[in-house]
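Working notes, beginning with the structure itself.
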Protein chains: 2
Amino acid sequence: MSKGDSTKRVILDEATEIASKVGLQGLTIGTLATRTELSKSGLFAHFRSKESLQLDVLRHARERFVDLVVRPALAAPRGERRVRALFEHWLAWCRGDVLGGGCIFTAAAAEFDDQPGPVRDLLVNDERDLADTVAQVFRTGITEGHFRAEADPYQFAQDLHGILLAYIHSARLLGDPMAEQRAARSFEALLAAAR
Amino acid sequence: MSKGDSTKRVILDEATEIASKVGLQGLTIGTLATRTELSKSGLFAHFRSKESLQLDVLRHARERFVDLVVRPALAAPRGERRVRALFEHWLAWCRGDVLGGGCIFTAAAAEFDDQPGPVRDLLVNDERDLADTVAQVFRTGITEGHFRAEADPYQFAQDLHGILLAYIHSARLLGDPMAEQRAARSFEALLAAAR
DNA sequence: GCCCAGACCGAACGATCGTGCTATAAGTTG
DNA sequence: CAACTTATAGCACGATCGTTCGGTCTGGGC
């Protein structure tokens with residue numbers, strides 16, 4: 001790997017961490033340069049604009065998410081086990097095990113859901129992919145006979161996402177120590193209803 | 001009402017609308033002055049700092065939320081009917097019937113959940129109050145005999161919040177036309193499990 | 001009708017934003 | 001080692017940020 005690519009990785013690691021806390025808009029080139037001990041212009045040369053930096057951050061975060069959540073889940077046995085694995089790894093991601101600021105996609109979604117442009121477009125693409133993945137994992141649970149045949153996979157995806165979003169809200173904002181336990185309960189109830 | 005108070009209301013109406021789209025950080029004094037056709041300094045004089053403007057916006061939004069969601073819900077008959085009313089008015093709020101950018105609290109929560117300070121503190125207070133209100137409304141449903149006595153009101157509050165958050169995500173970000181119908185289904189399932 | 005508190009404006013401040021230019025240092029390749 | 005590419009730094013730009021200050025206009029109480 002060339003020198004440029006390796007420092008770019010360092011930059012994106014730091015940028016992703018910062019953006020998970022202050023958002024993609026709050027992520028500023030000056031502070032990012034300071035944190036990576038680079039000059040503002042030296043850092044800027046890696047990306048030709050701030051928008052392109054934001055896009056790269058999203059792509060970088062997506063890779064991490066796939067590596068740490070999606071792939072480990074798909075390694076579990078098909079059906080309910082796999083759905084459980086997906087939930088557990090995803091919950092750990094939201095808890096902030098990976099990024100100090102928690103789920104960067106949730107933060108970005110709130111920021112950009114009313115601001116058209118390439119960043120929003122990429123984010124929408126990623127989140128649609130995620131919904132498709134969840135639905136697909138659930139669907140294999142149907143074919144395995146673990147879940148009811150009439151169950152709607154996208155209904156399940158939206159419900160599961162809701163459990164995670166509510167967990168983030170209760171745990172990270174309100175600081176409720178029961179949040180995780182409640183999320184687990186909701187998940188069990190969701191599974192029970194699908195069986 | 002004095003002149004100052006009336007223009008302040010106009011300012012806060014516009015500010016709340018803007019902040020629901022671009023967030024409390026994205027809300028800038030310059031653009032707010034332009035939109036209200038005031039000078040930057042003239043507008044600034046109403047608030048002594050940007051932080052105090054953000055606090056006032058949150059307080060203003062809270063009043064609207066209480067008027068348009070909480071109070072109408074409490075006007076419904078105790079028990080399940082009241083829970084349904086709360087859900088429906090809250091859903092309309094999230095849909096953007098009131099503010100073009102949707103739920104300003106959700107946007108602010110994502111922005112400030114990792115940024116300590118008075119704004120975050122006020123937001124946490126408001127959201128805790130909301131959770132208490134939801135739990136209390138559900139509790140009266142228990143005493144009315146509509147819901148199981150062992151049901152956990154705060155579990156219900158977190159679950160209901162999750163349904164709304166997932167709706168916002170699916171509808172406003174992904175543009176899924178089925179989002180609202182799915183939210184309604186989730187709500188019915190949640191009620192059914194509580195009975 | 002006078003007078004004053006307060007609403008409002010114009011101009012300017014230092015800081016920081018994103019973004020270019022030019023030069024030099026470092027890395028890569030032959 | 002030479003030659004060339006690339007990574008990084010320094011400096012400066014126009015714009016915009018939040019904020020301050022001094023002044024003008026104006027509505028309401030006497």
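Naming convention: chains lettered A, B, ... in sequence-line order (proteins, then strands); numbering from 1 in each chain. Note that this is a predicted model, so its numbers are computed, not measured.
Separation of atoms OG (Ser49(A)) and CD1 (Ile29(A)) is listed at 8.0 Å; rounding is to 0.5 Å.
Straight-line distance from the CG atom of Leu53(B) to the C1' atom of dT19(D): 13 Å, rounded to whole Å. Summarising the geometry, the separation between CG on Asp5(B) and C1' on dA5(C) is reported as 14 Å, rounded to the nearest angstrom. At whole-Å resolution of the value, NZ in Lys50(B) and P in dT20(D) are 15 Å apart.
Members clustered with Leu165(A): Leu165(B), by chain and number, using a 4.5 Å side-chain heavy-atom cutoff among hydrophobic residues.
Remark: of the listed residues Leu12(B), Thr7(B), Leu43(B), Ile18(B), Leu43(B) is the sole one forming a side-chain contact (heavy atoms from CB on, under 4.5 Å) with Thr36(B).
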Next on the checklist: Evaluate Lys50(A) against Phe44(A) for side chain to side chain contact (heavy atoms under 4.5 Å, CB included), listing each step before the verdict.
Outcome noted: CA-CA 8 Å; Lys50(A) 176 168 185 183; Phe44(A) 185 80; 5.8 Å; no

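Residues from residues 24-47 of chain B with heavy atoms under 4.0 angstrom of DNA chain C, sorted by number: Leu38(B), Ser39(B), Ser41(B), Gly42(B), His46(B).
For the residue pair Lys8(A) and Phe47(A), the shortest heavy atom distance occurs at CE-CE2, 3.7 Å.
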